[in-house]
Amino acid sequence: MAKQYWLMKTEEDVFSFDDLINCPDHTDSWDGIRNYQARNFMRDEFSLGDKVFIYHSNTKDIGIYGVAEVVKEAYPDHTALDPKAKYFDAKSAEKGVSRWMMVDVKATHRMTKPILLSDLKTMPELDGLALLQRGQRLSIQKVSSEHWKIIYQLGKAKKI
DNA sequence: GCCAACGTTGGC
DNA sequence: GCCAACGTTGGC
């Protein structure tokens with residue numbers, strides 16, 4: 001499949017872009033996704049080498065902080081089976097099989113300055129970007145290659 | 001803290 | 001399968 005571009009949300013105080021950088025090889029599993037649409041994106045459409053904007057929600061400076069790359073395609077999110085895990089899923093545990101999936105991502109570039117949501121909102125050329133659509137709450141979203149280029153350049157992304 | 005949007009649950 | 005109630009997300 002051709003390379004695709006994505007945006008994934010995270011809460012800064014739960015798992016920030018810096019937390020990802022600090023993982024061994026800047027790589028970690030993106031677990032805890034408990035929404036079917038988001039899971040299906042990972043399961044059906046995430047391919048090795050796909051690029052991902054990492055976005056911090058629910059924080060003071062809401063926006064995009066860096067870029068990551070898919071380094072392992074979808075596999076079962078076993079944290080759903082762990083009663084002590086934050087995103088434990090009783091229904092999965094009942095069956096002994098996780099219905100949720102995760103991918104591994106590696107941080108590759110950091111934005112020189114975070115690209116704030118408030119800035120993105122002022123750019124007419126980003127019309128149609130899922131993130132800017134009203135009422136959207138999906139934690140994994142598609143980004144078109146055109147929008148990706150615009151945002152990527154805006155952030156003056158630097159290699160890690 | 002508020003609240004709109006929207007996903008999930010569960011009774012029928 | 002419908003849909004009301006409830007829970008969560010996430011910007012403000």
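Chain A is the first sequence line, chain B the second, and so forth, proteins listed ahead of strands; every chain is numbered from 1.
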* Asked: Can you say whether the rings of A:His56 and A:Tyr65 are parallel (under 30°), tilted (30 to 60°) or perpendicular (over 60°)?
  -> parallel
* **Spacing of CE belonging to A:Met123 relative to CD1 belonging to A:Ile115, to within rounding of 0.5 Å** => 8.5 Å
* Asked: Hey, what do you get for OG (A:Ser16) to CD (A:Glu11), rounding to the nearest 0.5 Å?
  -> 12.0 Å
* Asked: Are A:Arg110 and A:Asp18 within salt-bridge range, i.e. N to O under 4.0 Å?
  -> yes
* Set of residues satisfying side chain to side chain contact (heavy atoms under 4.5 Å, CB included) with respect to A:Ala157, sequence neighbours excluded -> A:His109, A:Met111, A:Tyr152
* Could you grab the distance from atom OH of A:Tyr87 to atom CD1 of A:Ile33, nearest 0.5 Å is fine? => 8.5 Å
* **Helix axis bend for the helix from B:dG1-C:dC12 to B:dC12-C:dG1 - C1'-based end axes, five pairs, 10° rounding** => 10°
* So, is the end of the A:Lys86 side chain (NZ or CZ) under 6.0 Å from the ring centre of A:Phe88 and within 45° of the ring's axis? -> no
* Structure fact -> Only residue of A:Lys106, A:Lys3, A:Lys51 satisfying salt bridge (charged side-chain N to carboxylate O under 4.0 Å, His left out) with A:Glu69 is A:Lys51
* Under-4.0 Å salt bridge between A:Glu73 and A:Arg43 -> no
* What do the steps show when you test A:Lys60 against A:Glu12 for salt bridge (Lys or Arg N to Asp or Glu O under 4.0 Å), and what is the final call? -> CA-CA 10 Å; A:Lys60 188 161 96 29; A:Glu12 193 166 33; over 6 Å; no
* To do: Can you sort out which residues in residues 53-63 of chain A have a heavy atom within less than 4.0 Å of DNA chain C? Ascending by number, please.
  => A:Tyr55, A:Ser57, A:Asn58, A:Ile62
Using the 3.5 Å cut-off, write out each protein N or O paired with an N or O of nucleotides 7-9 of chain B and the distance between them.
unit_1 : atom_1 : unit_2   : atom_2 : d
B:dG7  : O4'    : A:Arg137 : NH2    : 3.0

* To do: With sequence neighbours excluded, give me every ring-ring contact (aromatic ring centres under 6.0 Å, His included) pair touching residues 113-146 of chain A.
  => none
* Contact list for DNA chain C against residues 121-136 of chain A - heavy-atom distance below 4.0 Å -> A:Lys121
* Asked: A:Ser92 and A:Asp89: which non-hydrogen atoms are nearest, and at how many Å?
  -> OG-OD2, 2.5 Å
